[in-house]
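Read through the structure below, which is laid out as structure tokens, and then see the notes.
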Amino acid sequence: MPELPEVETIKLGLQKYLVGHKITGVDARLKKMVTGDTKHVTGAKVTGVRRFGKGLVIDLDNNYSIAIHIKLTGQLIYADAKRKPPKEIKVIKEMHSSLPNKWTHVIFHLDSPRGEAGRNSVLYYNDFRQFGWIRIIKSEKLKDESFFGSLGPEFFKDLTLGKFMEIVGKSKVAIKPLLMDQKKMSGVGNIYANDGLNLAKISPQRKASSLNQTEIKTLYHAIEKVLKKGIETGGASELSYVNALGQEGTYQNHFITYGREGKPCKNCGTILKKIKIGGRGTYFCPTCQR
DNA sequence: AGTATCCTGGAA
DNA sequence: TTCCAGGATACT
């Protein structure tokens, strides 16, 4: 699922390809996906792209911004006229050869790329489960992460080891749902929580406050390690994630536990199990994760 | 802490 | 044909 590494990868792509473009029009094919007035976007130039946890912000030069959450299956794909149609939603067998397709709910029309008069670029928002959202809002309301639901401190940003130890130490919930609780700490979802816990050899069912200092420290570094791997590999294209050019990442080839129930633990060889914790699929090794 | 909600394609 | 996953939120 799109988590910190996936959204970071999209952000980097948009910073490279989208910034500098003027948005010439917005086509909200599925109205509910967009809230706020699209007239504030039309004619504005993209000045920057930011990320807060799993949330994205596209800043414009008119004091408005576009806040986006792609949730489970959102895709933000930049394309210009001469680029080949990007790959699309992987989970759906019936592949389409071109964009826009039936899952393209919003189209941002852009001005022409440099030196290509007459050819217009576009930014597509595809989302086959329609859980994501796009909100057009004054930039002043997006100064920090509070817009995305009072996000907790973020890995690689303001979540220091000290803060992590404090949060884990005083939480009564199981460690895995705590890692995924965006209000407590932001960026981690199901894939990286599962993999990080296996690397740290900690059971996902452990009550957070039962972890000792060494375990918390090990877990902190393990989570950062898998997140880094996720960023390096361009994210996990398990379901429908693609980067800003519609290309898949490769972290799914490096899954440690996620989606690997019935397969051997990469650490000790024990067959991995799948259970549910807090209603979410949880993959772990019953032998080495204690 | 558990459950319904949003939604769709695929698995059972 | 029914059931299920899943990020985040709203309830109970």
Side-chain angles (χ1 to χ4, degrees), chain A residues 1-11 28-35 51-57 67-76 87-96 100-106 125-135 145-152 154-155 170-196 204-210 223 227 230 235-242 251-252 255 257-262 273-284:
Chain A
M1 317 310 114
E3 305 175 31
L4 187 152
E6 287 75 27
V7 181
E8 176 68 12
T9 305
I10 293 170
K11 184 200 79 177
R29 301 169 140 203
L30 186 60
K31 282 222 168 71
K32 69 163 185 177
M33 303 296 310
V34 184
T35 55
R51 178 183 62 76
F52 294 109
K54 305 175 192 176
L56 279 170
V57 175
I68 302 172
H69 201 304
I70 66 171
K71 293 287 186 83
L72 294 165
T73 55
Q75 301 179 322
L76 275 167
K87 276 200 184 180
E88 298 169 47
I89 297 173
K90 190 183 171 187
V91 74
I92 295 161
K93 286 179 179 170
E94 182 195 344
M95 300 291 269
H96 289 235
N101 59 35
K102 62 186 274 200
W103 302 288
T104 304
H105 303 311
V106 185
Y125 182 72
N126 308 327
D127 192 341
F128 88 93
R129 277 182 187 158
Q130 302 174 22
F131 281 9
W133 48 255
I134 295 174
R135 293 170 192 167
E145 71 288 345
S146 54
F147 181 78
F148 289 96
S150 51
L151 295 176
E154 187 176 316
F155 284 94
K170 69 182 181 192
S171 172
K172 295 178 185 74
V173 302
I175 184 62
K176 187 188 170 235
L178 176 65
L179 292 172
M180 295 168 63
D181 184 345
Q182 304 303 298
K183 288 185 168 64
K184 296 289 193 304
M185 57 184 85
S186 58
V188 173
N190 211 12
I191 291 173
Y192 298 96
N194 278 298
D195 282 5
Q205 309 178 80
R206 284 273 299 280
K207 191 176 172 181
S209 58
S210 78
I223 296 286
L227 289 174
S237 292
E238 163 72 2
L239 188 56
S240 58
Y241 160 77
V242 291
Y251 184 76
Q252 66 277 11
F255 281 161
T257 57
Y258 186 82
R260 295 189 66 245
E261 77 268 30
K273 281 195 171 168
K274 181 181 184 184
I275 58 170
K276 270 199 175 183
I277 298 178
R280 296 288 167 240
T282 300
Y283 307 86
F284 73 108

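Lettering follows sequence order; numbering is per chain, from 1. Excluded from the calculations below are hydrogen atoms, water molecules and symmetry mates; all remaining heavy atoms, backbone and side chain alike, are included.
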Show me the donor-acceptor pairs within less than 3.5 Å that the side chains of residues 173-182 of chain A make with the rest of the protein, sequence neighbours left out.
residue: Lys176(A); atom: NZ; partner: Asn190(A); partner atom: OD1; Å: 2.6
residue: Lys176(A); atom: NZ; partner: Gly281(A); partner atom: O; Å: 3.1
residue: Lys176(A); atom: NZ; partner: Thr282(A); partner atom: OG1; Å: 2.9
residue: Asp181(A); atom: OD1; partner: Lys183(A); partner atom: N; Å: 3.0
residue: Gln182(A); atom: OE1; partner: Gly187(A); partner atom: N; Å: 3.0
residue: Gln182(A); atom: NE2; partner: Met180(A); partner atom: O; Å: 3.0
residue: Gln182(A); atom: NE2; partner: Val188(A); partner atom: O; Å: 2.9

So what does [X] hit on the nucleic acid, given a heavy-atom distance under 4.0 Å: a base, only sugar-phosphate, or nothing?
X	answer
Lys274(A)	nothing
Tyr258(A)	sugar-phosphate
Glu3(A)	nothing

Roughly how far, to the nearest 0.5 Å, is the [atom2] atom of [Y] from the [atom1] atom of [X]?
X	Y	atom1	atom2	answer
Lys172(A)	Lys170(A)	NZ	NZ	10.0 Å
Lys273(A)	Phe284(A)	NZ	CZ	6.0 Å
Ser186(A)	Phe52(A)	OG	CZ	10.0 Å
Ile68(A)	Ile134(A)	CD1	CD1	5.0 Å
Ile70(A)	Tyr241(A)	CD1	OH	8.0 Å

What integer distance in Å separates [X]:[atom1] from [N]:[atom2]?
X	N	atom1	atom2	result
Leu239(A)	dG10(B)	CG	P	11 Å
Phe131(A)	dG9(B)	CZ	P	12 Å
Asn194(A)	dA5(C)	CG	P	14 Å
Ile275(A)	dA5(C)	CD1	P	14 Å
Ile134(A)	dA8(C)	CD1	P	17 Å
Lys32(A)	dC7(B)	NZ	P	4 Å
His69(A)	dC6(B)	NE2	C1'	14 Å
Lys54(A)	dT9(C)	NZ	P	10 Å

Is there a donor-acceptor contact under 3.5 Å from the side chain of [X] to the main chain of [Y]?
X	Y	answer
Asn194(A)	Thr257(A)	no
Thr73(A)	Arg129(A)	yes
Glu145(A)	Gly53(A)	no
Thr9(A)	Pro5(A)	yes

Residue Phe128(A), side-chain atoms from C-beta onward, closest of dA8(C), dG6(C), dT8(B):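 When the side chain of Phe128(A) is considered, dT8(B) is the closest of dA8(C), dG6(C), dT8(B).
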
Just N and O in the side chain of [X]: are any of them under 4.0 Å from OP1 or OP2 of [N]?
X	N	result
Arg280(A)	dG7(C)	yes
Lys102(A)	dT8(B)	no
Trp103(A)	dG9(B)	yes
Gln182(A)	dG7(C)	no

Net bend of the helix from dA1(B)-dT12(C) to dA12(B)-dT1(C), end axes of five pairs each, nearest 10 degrees: 60°

Leu72(A) vs Lys183(A), nearer the 5' end of DNA chain C by closest nucleotide: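 Looking at DNA chain C, the more 5' nearest nucleotide goes with Leu72(A).
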
Full working for side-chain hydrogen bond (donor to acceptor under 3.5 Å, both in side chains) between Gln130(A) and Lys32(A): CA-CA 9 Å; Gln130(A) 302 174 22; Lys32(A) 69 163 185 177; 3.1 Å; yes

Parallel, tilted or perpendicular: rings of Trp133(A) and Phe147(A) (30°, 60°): perpendicular

Ring geometry between Tyr192(A) and Tyr251(A) (parallel below 30°, tilted from 30 to 60°, perpendicular above 60°): tilted

Those residues that, when tested against Lys11(A), pass side chain to side chain contact (heavy atoms under 4.5 Å, CB included) (two or more places apart):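 Here the qualifying residues are Glu8(A), Gln15(A), Val49(A), Arg51(A), Leu56(A).
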
Taking N or O atoms only and anything under 3.5 Å, show me the protein contacts with nucleotides 1-3 of chain B, one pair per line.
none

Sub-4.5 Å side-chain heavy-atom contact between Phe155(A) and Met185(A):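 With C-beta onward as the side chain, the pair touches.
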
N/O contacts under 3.5 Å, protein versus nucleotides 10-12 of chain C?
none

Taking only nitrogen or oxygen atoms into account, show me every contact under 3.5 Å that the protein makes with nucleotides 1-4 of chain C, one pair per line with its distance.
none

